[in-house]
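Atom set for the values below is all heavy atoms of this structure, side chains included, hydrogens, waters and symmetry mates excluded. Throughout, numbering of the chain's residues begins at 1 and tracks the sequence.
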Amino acid sequence: MEIKIDQSLASLGIKHVVIGIAKNVDPNAELSENFLTKQKKMEEWALQCDIDEVLNHPYTQGYVALMMKAKRSVKKNPPTIPAFIRNIQHRGSIPHINSIVDIYNVESLQSYLAIGGHDLDKIVEPLVFTVSQKEDTFLPISSTPKHVAETDYIYRDKNGIMAWIGVRDGENYKFDDNTKNAIFIIQGNENTPVEPRVEALHRIESDLKECMPNLEFEVLVIDAKDEA
């Protein structure tokens, strides 16, 4: 797969993007007892955690700094992890989407990392990480089209924007019942080293394998000077 980090994004401090490619996935697989136990523990943690501690975590602050560079309101576009925790606290439970999403949502809570998940077969190469550098439009999952400013950081394929400033994923690339192959993207920020991002993807791999025995999984670290 051809993957590029544009210099406009590298200039914001994102020098590496960490990617997991999972083949032979099943969004309707029965989750393992081991994972369900972990999910319950993370749910209990999210329900009682101090949101200020999450907001002050270095990873979260790194996303805040990126959004400020994009000249976007942090209040209107809160970082993914505290926003997800608030959603759990409002609902009283972790939302259940499908087996793939449930697994990487739990990992997001565990690692404090924003993780994008997309149907790999819906992507038309190249996959490019960049600052938009033009006015554009983005369709978030289960929402209406959103205006994209020149300063917004995104990643996109040949057909459109897959994710916007690290807080929203695109409708046209989401998992569905027919998904066979997945891509997980941890774009990160200046405060997220490569190693914990790689470890997070390997935990996703382990959880997927427990309920999807035919899984094939590969982790890629894309440097701003590399293509894959």
Side-chain angles (χ1 to χ4, degrees), residues 1-25 42 54 57-67 69-70 79-82 84 100-123 125-131 152-157 161-170 173-175 179 181-209 212 215-228:
M1 172 175 257
E2 184 181 3
I3 305 172
K4 299 179 180 179
I5 303 177
D6 187 81
Q7 186 56 42
S8 63
L9 191 68
S11 66
L12 295 182
I14 299 177
K15 307 296 186 184
H16 304 87
V17 174
V18 180
I19 292 174
I21 294 178
K23 296 186 176 180
N24 304 319
V25 297
M42 292 311 303
V54 180
H57 191 280
Y59 293 1
T60 309
Q61 287 299 305
Y63 287 113
V64 169
L66 268 179
M67 281 186 278
K69 289 178 182 178
T80 298
I81 307 309
F84 185 35
I100 304 170
V101 176
D102 289 357
I103 284 171
Y104 81 81
N105 274 346
V106 166
E107 180 54 41
S108 289
L109 292 173
Q110 182 173 341
S111 64
Y112 284 53
L113 292 166
I115 303 172
H118 314 275
D119 187 316
L120 181 65
D121 297 318
K122 295 178 180 179
I123 299 171
E125 299 180 41
L127 170 55
V128 180
F129 296 82
T130 184
V131 172
D152 290 346
Y153 63 95
I154 60 171
Y155 55 87
R156 64 179 304 131
D157 75 344
I161 297 173
M162 295 170 56
W164 174 77
I165 64 169
V167 298
R168 300 295 293 272
D169 284 346
Y173 305 89
K174 70 180 183 181
F175 300 122
T179 295
N181 302 299
I183 184 168
F184 303 101
I185 295 173
I186 310 181
Q187 185 171 257
N189 58 65
E190 286 185 302
N191 295 346
T192 57
V194 167
E195 185 175 339
R197 287 187 273 166
V198 170
E199 291 171 352
L201 289 175
H202 281 309
R203 285 192 293 269
I204 290 174
E205 176 186 10
S206 178
D207 289 336
L208 289 171
K209 279 185 175 177
M212 304 173 197
L215 181 82
E216 297 176 17
F217 201 96
E218 179 183 14
V219 174
L220 305 172
V221 178
I222 309 300
D223 184 85
K225 298 179 182 178
D226 288 345
E227 296 181 11

Where do Tyr63 and Thr80 land on the side chain to side chain contact (heavy atoms under 4.5 Å, CB included) test, with the steps shown first?
-> CA-CA 9 Å; Tyr63 287 113; Thr80 298; over 6 Å; no

Mind listing the closest non-hydrogen atom pair of [X] and [Y] along with its distance?
X      : Y      : answer
Val54  : Thr60  : O-OG1, 2.8 Å
Ala114 : Ile81  : N-CD1, 4.1 Å
Tyr173 : Ile123 : CD2-CG1, 4.1 Å
Leu215 : Ala22  : CD1-CB, 3.8 Å
His118 : Ala163 : CE1-CB, 4.5 Å
Thr130 : Ser8   : OG1-OG, 3.1 Å

Going from [atom1] on [X] to [atom2] on [Y], what distance comes out if it is rounded to the nearest 0.5 angstrom?
X      : Y      : atom1 : atom2 : answer
Ile222 : Ile3   : CD1   : CD1   : 4.0 Å
Ile185 : Ile115 : CD1   : CD1   : 11.5 Å
Leu9   : Tyr155 : CG    : OH    : 11.5 Å
Arg197 : Ile19  : CZ    : CD1   : 10.5 Å
Leu109 : Met42  : CG    : CE    : 5.0 Å
Glu107 : Arg203 : CD    : CZ    : 4.0 Å

Going by the angle between their ring planes, with limits at 30° and 60°, are Phe184 and Phe175 parallel, tilted or perpendicular?
-> tilted

Pair His202-Glu199, side-chain donor/acceptor within less than 3.5 Å =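 Not at all, the side chains of His202 and Glu199 share no donor-acceptor pair under 3.5 Å.
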
Return yes if some donor-acceptor pair links the side-chain N/O of [X] with the main-chain N/O of [Y] below 3.5 Å, else return no.
X      : Y      : result
Lys69  : Leu12  : yes
Glu2   : Glu125 : no
Asn181 : Asn24  : yes

With a 4.5 Å limit on heavy-atom distance, are the side chains of [X] and [Y] in contact?
X      : Y      : answer
Val219 : Val18  : yes
Leu127 : Met162 : yes
Pro193 : Tyr59  : yes

Start with the C-alpha gap between Ile161 and Asp152, add the side-chain angles, then the distance that decides, and say whether side chain to side chain contact (heavy atoms under 4.5 Å, CB included) holds.
-> CA-CA 11 Å; Ile161 297 173; Asp152 290 346; over 6 Å; no

